[in-house]
J.: 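Just dropping this structure here.
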Amino acid sequence: GAASPNYTFTYTAGSFNVINATQTAVVTNSPQVFDGNVKTATVVCSAGGAVSDIKYDGSPTAPSAVGLYDITADCAAVTNYDAGDDLSAGTFIIIGSTTVTLGDTGWKYYDEILSVDIAGHDFVVGPGTPPSGVGSARLVTNTDAVPGSPYDPGSLKALYTSQFGGVRLDKITSLRYSTYVDSTAPEANNYPALQFNVDFDLTDVSNAWQGRVNYSPNLPGNVNGVVQVDTWQEWDAYAGYFWYSSPGLVPSGTICTIAAPCTIAQMLADHPNMGIHRPLDPADASNAGYAFMGFRVQPGANANVDKFVISVDDGMLAPTPTTDGIVFNFEPGTLVATIVADNKAYDGNTAAAISSCVLTGIVAPDTDVQCLAIGGLFANPNVANGINVTANISLTGSNAANYSIAPTAATTANITPATAVCTISGYTGGYDGLPHGATGTCTGDGTLNLGTSFTDVPGGTANWTYTGGTNFADQS
């Protein structure tokens, strides 16, 4: 036993208990890309317990539709860990088509001043040669009436998706996008910034607004590169520098600013569980965050965005920073022109008159798009039914830039026989012992038969005929 000159030790028998710890669960294969098939979440329990009873927004049915699904699962008990029922495992995401065009619900324009989604899309052909496809997403904003005053509606605009809400930053392995800045923009140095609403700890219960994380191409010192105008540039945000829009909401660690931006690694060192904010819960919660990831421009902008690349290490796709994971390609709508060509009488040429051009594929709220059909041509100039006719097609109207269309359209029309102009004259004269008959000519390439000639008095009636052949009507 123990001894001390100043103390006497008394031992009291007792015991203590070591209780089991609690397991957590996490989805490991989100996001998935929509392909019409059912997508099943992969859930892992922190202590290795067997997973069961996975539910998607409370339903045991695995989904196939685009959306965000809250996942719960049961974890079986293992040594030193209790079983867990209906454990929250995070958000399972099925993203929409990676070719984004008019009417797509996965991406929306947003007025940052009015805090409302903007109806429709502004996806256009070009400018120049976009890095993916033929089009891009345009971001044009108003110039403030009074510079320095509170921003006017329409002066701060974003294009965003909520499809990556709840994705952890440490699971993102590549993040790139391309921009085109028009040199005629009202305000210089106005470039699309990549932003996402941040949750500094996706594992806690807070869904409050915590600001945005911003990647700006034009940071001081050109740490993210040098912006050029009237050309496409790709920005590697994954390897770049970010800043926080609301430094007062950062719970701890380094305050990343425009003057002193941070890398992804630096942000994760302070906030290992940070990521893209989950959707509103509830949807109308006051001062709650929302699952925003996208691009924003300031007043007086005229710029375009295309080929947004995000790779998420989901344990299945397992992309690396040098491999394209999910590539979003922004494309204008595609219209189809249906033309009507007028029938005509044979005139020896192939010119065709187009009497109607009707467009299909216009997406609300666009209304001001018209079809212009010119240069109609028959495939051949000869008389026939159902001859192919083509015309050159272009678009006009204030919404025309949001669409692409095939440069030509085709239909059929008829060329009917023309009526030859025939001038026929009879003969009147005294008897001379010679045969006399009608004289005359007809236009066209048919054959004119002037009928019978007469020698004796009193003569007679010459019945003439014109055989028009392929392109002229018969006459007599």
Side-chain angles (χ1 to χ4, degrees), residues 25-44 51-74 86-110 117 121 123 132-133 137 159-177 194 196-197 199 202-203 207 275-283 289-295 307-320 323-331:
V26 63
V27 175
T28 61
N29 66 328
S30 179
Q32 296 291 301
V33 179
F34 172 81
D35 60 9
N37 297 316
V38 169
K39 302 297 182 182
T40 303
T42 300
V43 177
V44 174
V51 178
S52 62
D53 196 23
I54 298 174
K55 293 179 181 177
Y56 307 80
D57 287 342
S59 170
T61 303
S64 62
V66 172
L68 294 89
Y69 302 88
D70 287 330
I71 302 299
T72 59
D74 295 348
D86 292 328
L87 298 175
S88 175
T91 304
F92 183 62
I93 303 168
I94 301 177
I95 68 169
S97 171
T98 54
T99 298
V100 185
T101 188
L102 304 189
D104 191 290
T105 59
W107 288 81
K108 298 177 181 179
Y109 280 90
Y110 189 77
D117 290 335
H121 294 86
F123 300 159
S132 183
L159 172 65
Y160 79 98
T161 181
S162 60
Q163 297 178 94
F164 294 94
V167 171
R168 294 172 59 95
L169 186 58
D170 61 2
K171 292 295 184 180
I172 295 176
T173 57
S174 64
L175 199 59
R176 306 193 307 276
Y177 69 108
L194 174 64
F196 64 87
N197 285 359
D199 187 332
L202 287 168
T203 64
N207 197 37
I276 302 167
H277 207 294
R278 290 189 176 90
L280 292 177
D281 185 18
Y290 58 106
F292 176 106
M293 186 171 198
F295 312 98
K307 196 178 182 182
F308 172 50
V309 180
I310 178 171
S311 301
V312 180
D313 184 1
D314 59 7
M316 294 176 67
L317 298 176
T320 66
T323 301
D324 285 354
I326 302 165
V327 182
F328 288 97
N329 168 31
F330 302 100
E331 293 296 321

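These figures come from a predicted structure and were not determined experimentally.
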J.: Taking the side chain as every heavy atom from C-beta outward, state whether V100 and E331 have any atom pair closer than 4.5 Å.
T.: no
J.: Working to the nearest 0.5 angstrom, can you tell me the gap between Y69 OH and I94 CD1?
T.: 5.0 Å
J.: Under a 3.5 Å distance rule, please check whether Y56 uses its side chain to pair with a backbone N or O of A41 as donor and acceptor.
T.: yes
J.: Nearest 0.5 angstrom please: I276 CD1 to L202 CG, how far?
T.: 9.0 Å
J.: Can you confirm whether V43 sits close enough to I71 that some side-chain heavy atom of one is under 4.5 Å from a side-chain heavy atom of the other?
T.: yes
J.: Is the backbone of W107 close enough, under 3.5 Å, to the side chain of H121 for a donor and an acceptor to pair up by distance?
T.: yes
J.: Looking only at non-hydrogen atoms, find the nearest pair between A73 and I54 and report the distance.
T.: CB-CG1, 4.0 Å
J.: A side-chain contact here means heavy atoms from C-beta on lying under 4.5 Å apart; do F330 and L159 qualify?
T.: yes
J.: With no hydrogens and no angle check, is any side-chain donor or acceptor of N29 less than 3.5 Å from a backbone partner on T42?
T.: yes
J.: Do D117 and Y160 have side-chain heavy atoms sitting under 4.5 Å apart?
T.: yes
J.: Is the side chain of T72 donor-acceptor paired with the backbone N or O of L87 at a distance under 3.5 Å, no angle test?
T.: no
J.: Would you give the length of the straight line joining atom CZ of F164 to atom NZ of K171, rounded to the nearest 0.5 angstrom?
T.: 15.5 Å
J.: Do any N or O atoms from the side chain of D74 and from the backbone of D86 form a donor-acceptor pair under 3.5 angstrom?
T.: yes
J.: Under a 4.5 Å cut-off applied to non-hydrogen side-chain atoms, are V312 and V167 in contact?
T.: yes
J.: Below 4.5 Å, heavy atoms only, C-beta onward: do L194 and L175 meet side chain to side chain?
T.: yes
J.: Within a strict 4.5 Å, meaning less than it, do heavy atoms of the K39 and F92 side chains meet?
T.: yes
J.: Is a side-chain N or O of R278 found less than 3.5 angstrom from the main chain of G90, in a donor-acceptor match?
T.: no
J.: For D57, what residues pass the salt bridge (Lys or Arg N to Asp or Glu O under 4.0 Å) criterion, not counting sequence neighbours?
T.: none
J.: Is there side-chain contact between K307 and V327, with heavy atoms separated by less than 4.5 Å?
T.: yes
J.: Go through the steps for I310 and F328 under the test side chain to side chain contact (heavy atoms under 4.5 Å, CB included), then give the verdict.
T.: CA-CA 8 Å; I310 178 171; F328 288 97; 4.2 Å; yes
J.: Is it true that F196 and F292 have ring centroids separated by less than 6.0 Å?
T.: no
